[in-house]
Amino acid sequence: MPHRRFNRTRLSPHDLAICERVYDQVCADEHIDPLSSDAEALAVMIVAIFRNITTSERELLEGVRSLRRSKGAEQAR
C-alpha cells in the first residue's frame, strides 16, 4: 500500500532525495533546462504532489508526468 502524507511542512533528506530523482528524470525526459522557469515550476509541482498526495517515488513520477501531459494538452487548445 502506498504511503500517504498530507501537507507536511518539512521534508527529510530521504523525502528530498525522492523528489530530486523525480525532478531529474522529468527534466531529462522532457529536455528541461534546470535553470529555466519551467524547471522551477516543475520543482514546485513535485513537492506539492509529494506533500499532499503520495510519497511513493513511482506514483510521484507517474502523477507528475500525467499532470504535465494534461496541462500540455490544455495549452495546445
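Please read these numbers as outputs of a predicted model, since none were measured by experiment. Positions are given from 1 along the sequence.
Here the side chains of Ile32 and Arg68 are in contact, with some heavy-atom distance below 4.5 Å.
Smallest separation of non-hydrogen atoms from Pro34 and Ala39: O-CB, 3.6 Å. When all heavy atoms are compared, the tightest approach of Leu60 to Ile46 is CD1-O, 3.7 Å.
Partners of Arg65 under the side-chain contact (heavy atoms from CB on, under 4.5 Å) rule, at least two apart in sequence or in another chain, are Gln25, Asp29, Leu61, Arg69.
Here Arg10 contributes atom CZ and Asp15 contributes atom CG; the two are 11.0 Å apart, rounded to the nearest 0.5 Å. Of the inter-residue distances, the one linking Phe50 atom CZ with Leu11 atom CG reads 6.0 Å to the nearest 0.5 angstrom. The CD1 atom of Ile49 lies 11.5 Å from the CD atom of Glu62; values are rounded to the nearest 0.5 Å. In this structure, OH on Tyr23 lies 12.5 Å from CE on Met45, to the nearest 0.5 angstrom.
Shown here is Glu40, whose CD atom has no more than 12 heavy atoms of other residues, nucleotides or ligands within 6.0 Å. When the shell of 6.0 Å around CD of Glu20 is examined, it contains 12 or fewer heavy atoms from other residues, nucleotides or ligands.
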